[in-house]
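Structure first, commentary second.
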Protein chains: 2
Amino acid sequence: MDHADELKNIGLKATLPRLKILDIFRASPDRHLSAEDIYRLVLADNTDLGLATVYRVLSQFEQTGLLKRSQFGGSKAVYELNDHERHHGHLVCTRTGDVKEFFDAGIESRLVAIAHDMGYDLADYTITLFGRARSAEANASAGAVPLRG
Amino acid sequence: MDHADELKNIGLKATLPRLKILDIFRASPDRHLSAEDIYRLVLADNTDLGLATVYRVLSQFEQTGLLKRSQFGGSKAVYELNDHERHHGHLVCTRTGDVKEFFDAGIESRLVAIAHDMGYDLADYTITLFGRARSAEANASAGAVPLRG
DNA sequence: TTTATTGCAAAACCTTTGCATGTAT
DNA sequence: ATACATGCAAAGGTTTTGCAATAAA
């Protein structure tokens with residue numbers, strides 16, 4: 001199944017802007033992109049499109065579960081591909097703004113329990129960590145799974 | 001020490017807008033208030049002030065550690081008194097928008113460890129849970145501490 | 001051909017800022 | 001008296017929307 005069929009399967013016409021934006025996400029080394037990021041990347045790729053279209057496509061992709069939207073402290077939202085892997089937290093570098101991802105099963109089950117104990121059914125959650133990178137980029141894991149480098 | 005002295009101690013003149021906004025936070029049943037919320041509450045209290053002043057005061061109060069700022073998915077920021085209690089997570093009701101707070105020591109230490117393992121020193125973090133309230137507002141705790149109601 | 005999608009420009013929304021006026025110390 | 005704070009209105013940044021033109025099905 002190619003990208004065009006993928007879009008049709010979620011009920012969207014396979015238009016150039018949509019295909020291009022999907023490509024951008026699949027090709028980008030940075031998983032977390034803002035509307036402005038995408039707008040610039042598409043233009044740089046010699047494809048002309050309007051910023052309004054970017055916003056509309058991102059919104060549609062989010063509603064169909066293709067993308068996930070987050071906001072990391074700043075004013076602009078960022079989107080990432082929803083690969084249907086485990087729900088993960090984000091670690092944002094306070095110096096560079098770099099975003100890394102992690103998953104911890106213990107935390108997730110604890111959050112479910114906490115919500116339950118407070119009378120709620122957990123529907124979704126976000127965890128955002130802010131930290132300064134230490135000089136040596138130690139990466140020995142003590143159980144948490146850094147999903148990506 | 002009264003509110004006026006409290007403001008002077010953090011290096012701010014004890015002006016009417018600042019005293020009023022501090023009062024609003026101390027008196028509000030809802031701990032989490034947006035700039036617009038405060039603007040309306042102050043006006044309703046027969047005190048005239050500009051919205052720009054509300055934003056400026058909130059910003060100053062945040063910088064001096066009197067308030068903490070959060071953003072729960074939506075577009076507008078909310079502020080809460082920083083009582084210097086434990087750093088807490090938020091549970092947002094997806095129906096009503098109500099916000100409850102909780103603290104869990106295990107999660108906090110786990111997050112410190114995760115950041116450390118990924119090469120970072122944890123500086124700050126946010127946890128936001130979204131959930132639907134169950135009919136019976138069960139509140140039996142299994143270890144987590146709902147800080148308030 | 002029919003319906004969805006795009007682009008542009010305008011508007012909406014939240015927040016910040018310039019500047020003249022007013023106020024706490 | 002002096003430095004800081006305020007109000008207003010204007011501008012800023014991000015996101016949404018109306019509408020005529022366009023492209024996918």
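Everything quoted here is computed from the prediction, not taken from an experiment.
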From CG of B:L33 across to C1' of C:dT15 the rounded distance in Å is 17 Å

Scanning both residues in full, the closest heavy-atom pair of A:T128 with A:F130 reads CG2-CZ, 3.6 Å

Spacing between A:L16 atom CG and C:dT6 atom P, to the nearest angstrom: 9 Å

State whether a side-chain donor-acceptor pair under 3.5 Å links A:D23 with A:H3. yes

Just by modelled atom types, is the B:Y79 backbone N or O under 3.5 Å from a matching donor or acceptor in the B:R31 side chain? no

Can you check whether A:H116's main-chain N or O pairs, donor with acceptor, with B:R134's side chain at less than 3.5 Å? yes

Under-4.0 Å side-chain N/O to phosphate OP1/OP2 contact, A:R56 with C:dT5: no

On DNA chain D, more 5' by nearest nucleotide between B:V54 and B:K13 is B:K13

Under 4.0 angstrom between A:T53 side-chain N/O and C:dG7 OP1 or OP2: yes

Rounded distance (Å) that lies between atom C1' of D:dA5 and atom NZ of B:K20: 18 Å

Given 3.5 Å as the limit, does a donor-acceptor pair link the side chain of B:T64 with the main chain of B:Q60, or not? yes

Does anything in residues 64-77 of chain A come within less than 4.0 Å of DNA chain D? Heavy atoms only, and list the residues if so. A:S75, A:K76, A:A77

Would you call A:R26-A:E6 a salt bridge at under 4.0 Å N-O? yes

Let's see if you can work this out: which of C:dT15, D:dA9, D:dA5 has an atom nearest to the side-chain heavy atoms of B:A52? D:dA9

Would you check if the side chain of B:D104 reaches a backbone N or O of B:G106 as a donor-acceptor pair within less than 3.5 Å? yes

Give a yes or no on whether the backbone of A:L7 and the side-chain of A:R18 come within a donor-acceptor separation of less than 3.5 Å. no

Distance check needed: D:dA5 P versus B:Q63 CD, whole Å only. 12 Å

Can you tell me if B:Y55 touches the phosphate of C:dT15, counting only side-chain N or O atoms and a distance under 4.0 Å to OP1 or OP2? yes

Using C1' atoms of five pairs at each end, report the bend of the helix from C:dT1-D:dA25 to C:dT25-D:dA1 rounded to 10 degrees. 30°

Rounded to whole Å, please give me the gap between CG in A:L51 and P in C:dA11. 18 Å

Length of the line joining A:I10:CD1 and D:dA25:P, which is rounded to integer Å: 13 Å

Taken to the nearest whole Å, CG/A:L12 to P/D:dA23 is 19 Å

Between B:K8 and B:S34, name the one whose nearest nucleotide on DNA chain C is closer to the 5' end. B:S34

Return the value, rounded to whole Å, for the distance between atom CZ of B:R18 and atom C1' of C:dT25. 12 Å

Tell me which nucleotide among C:dT5, C:dT6, D:dT6 gets nearest to the side chain of B:T15. D:dT6

Once the angle between the rings of B:H87 and B:Y125 is folded into 0 to 90°, is it parallel (under 30°), tilted (30 to 60°) or perpendicular (over 60°)? parallel

Report yes if some heavy atom in the side chain of A:N82 is under 4.5 Å from a heavy atom in the side chain of A:L66; otherwise report no. no

Which of residues 43-50 of chain A sit near DNA chain D, with a heavy atom under 4.0 Å from it? none

Would a distance-only check, ignoring hydrogens and angles, find a side-chain to backbone donor-acceptor pair under 3.5 Å from A:Q71 to A:S75? yes

Looking just at side-chain N and O atoms, do A:E108 and A:H88 make a donor-acceptor pair shorter than 3.5 Å? no

